[in-house]
2 protein chains.
Amino acid sequence: MSTTQMLKGILDGCILAIIKNKEVYGYELADKLENYGFHSFSEGTIYPLLLRMQKEELVTSTLKKSTAGPRRKYYSLTPKGEKELEKFIDRWNDLQNNVSNVLQHEADVKYNKGDETHEK
Amino acid sequence: MSTTQMLKGILDGCILAIIKNKEVYGYELADKLENYGFHSFSEGTIYPLLLRMQKEELVTSTLKKSTAGPRRKYYSLTPKGEKELEKFIDRWNDLQNNVSNVLQHEADVKYNKGDETHEK
DNA sequence: GCTCACTACCTTGTAATACCAGGTATAAAT
DNA sequence: ATTTATACCTGGTATTACAAGGTAGTGAGC
């Protein structure tokens, strides 16, 4: 049981969300995710994932020159990708609610940031 | 990208939480999870998971007779399991915060149940 | 020129894990 | 005896995060 396992299927959605906002390239994406608290993403995670999403037609890519290295592959969302993002958000909210319920009702958990504690 | 992928590593924690509250047997667990909104858990998911957790010494089991079928294998948490549960809760809170931040800042998401909507 | 550091992308193989499909066995009711 | 509900287990498969390694472009310093 590790953090990496908990990311399965969640990383996809986060990346879709970031791409929706503004087209990004893979190397940049790693930075952004790190800033959001996902520590140390290897490129071995990100690039295959982007390629997969492109194969599934959730994103498209265009190459652009860079002054600081080789060409960057910028990704943008397709309409299909937007729908997928919405579906992800629904699933994520469901999951969040379910897990929250389990933790609150079963484990005696003072839940999440900043909430007032409530004992059983 | 599916719901089942999003469960990876999360199901463990939920089960630990349920077991902490009161010893349960596998068949019962499936019911409880279903009630929490995790729809249709196959036993092929639950039993191997319980065996794995026992091998990792997070839970112990005792067999008890039942009047309604074969013997039930009741699971309880070990001290190690309790620690693991706490670690899970920490990781889950982190993950939750990170994903929430991504969705709020990047996608234009009216976030979670009942919140007021806010357009861009 | 040559080398080094940084940027940027990709591929191959591995581990973890949810789930499907099937199997076994006990107990009570018909 | 057969059926029904309960209860558990065991392959095998698909998905996916990640490590390790490779390739290549750009600019700076020598």
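Model, not experiment: these values are computed from the prediction. All chains are named by letter (A, B, ...) in the order of the sequence lines, taking the proteins before the strands, and each is independently numbered beginning at 1.
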According to a strict under-4.0 Å criterion, is [X] in side-chain N/O contact with OP1 or OP2 of [N]?
| X | N | result |
| --- | --- | --- |
| Tyr25(B) | dA7(D) | yes |
| Thr45(B) | dC19(C) | yes |
| Ser42(B) | dC20(C) | yes |
| Ser66(A) | dA8(C) | yes |

Atom pairs and distances, side-chain donor-acceptor, residues 65-72 of chain A, under 3.5 Å, sequence neighbours left out:
unit_1, atom_1, unit_2, atom_2, d
Ser66(A), OG, Ala68(A), N, 2.9
Ser66(A), OG, Arg72(A), NH2, 3.4
Arg72(A), NE, Tyr25(A), OH, 3.3
Arg72(A), NH1, Tyr74(A), OH, 3.4
Arg72(A), NH2, Tyr25(A), OH, 3.4

Practice problem: Examine distances only and state if a side-chain atom of Lys80(B) and a backbone atom of Glu56(B) form a donor-acceptor pair shorter than 3.5 Å. | Solution: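 Judged by distance alone, yes, a pair lies under 3.5 Å.
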Quiz item: Is a side-chain donor or acceptor of Thr78(A) paired with a backbone partner of Glu57(A) at a separation under 3.5 angstrom?
Solution: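 Answer holds: yes.
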Quiz item: Which residue, Lys73(A) or Lys65(B), contacts DNA chain C at a nucleotide closer to its 5' end, judged by nearest heavy atom?
Solution: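 So the residue in question is Lys73(A).
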Exercise. Kindly point out which of dT16(D), dT10(D), dA17(D) is positioned nearest to the side chain of Gln5(B)?
Key: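 Output: dT16(D).
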Self-check item: Nearest to side-chain heavy atoms of Arg52(B), which nucleotide of dC9(C), dT10(D), dT17(C)
Solution: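 Of the options given, the side chain of Arg52(B) lies nearest dT17(C).
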For the pair made of [atom1] in [X] and [atom2] in [N], what is the distance, rounded to whole Å?
| X | N | atom1 | atom2 | answer |
| --- | --- | --- | --- | --- |
| Lys64(A) | dT7(C) | NZ | P | 20 Å |
| Lys8(A) | dT17(C) | NZ | P | 8 Å |
| Arg72(B) | dA27(C) | CZ | P | 12 Å |
| Arg71(A) | dC9(C) | CZ | P | 11 Å |
| Leu51(B) | dC19(C) | CG | P | 16 Å |
| Leu33(A) | dA17(D) | CG | C1' | 13 Å |
| Tyr47(A) | dG13(C) | OH | P | 21 Å |
| Ile46(A) | dT16(D) | CD1 | C1' | 14 Å |

Practice problem: First locate atom CG of Leu33(B), then atom CG of Leu11(B), and finally report the distance between them rounded to the nearest 0.5 Å. | Solution: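 Result: 6.0 Å between the selected atoms.
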Practice problem: Using a strict cut-off of less than 4.0 Å between a Lys/Arg side-chain nitrogen and an Asp/Glu carboxylate oxygen, indicate whether Lys87(A) and Glu84(A) qualify as a salt bridge. | Solution: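 Answer for the salt bridge query: yes.
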Quiz item: Closer to the 5' end of DNA chain D via nearest nucleotide, is it Gly69(B) or Gly69(A)?
Solution: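 The residue mapped nearer the 5' terminus is Gly69(B).
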Exercise. Report the residue (Ala68(A) or Leu11(A)) whose heavy-atom-nearest nucleotide on DNA chain D is the more 5′ of the two.
Key: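 Closer to the 5' end of DNA chain D: Leu11(A).
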Exercise. Give one of base, sugar-phosphate or nothing for Gly26(B), where a contact means two heavy atoms less than 4.0 Å apart.
Key: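 Sugar-phosphate contact only.
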Quiz item: Hey, does Thr4(A) reach any base, or is it just sugar-phosphate, or nothing, if we go heavy atoms under 4.0 Å?
Solution: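 If one applies the 4.0 Å heavy-atom cut-off, Thr4(A) turns out to touch the sugar-phosphate alone, with no base involved.
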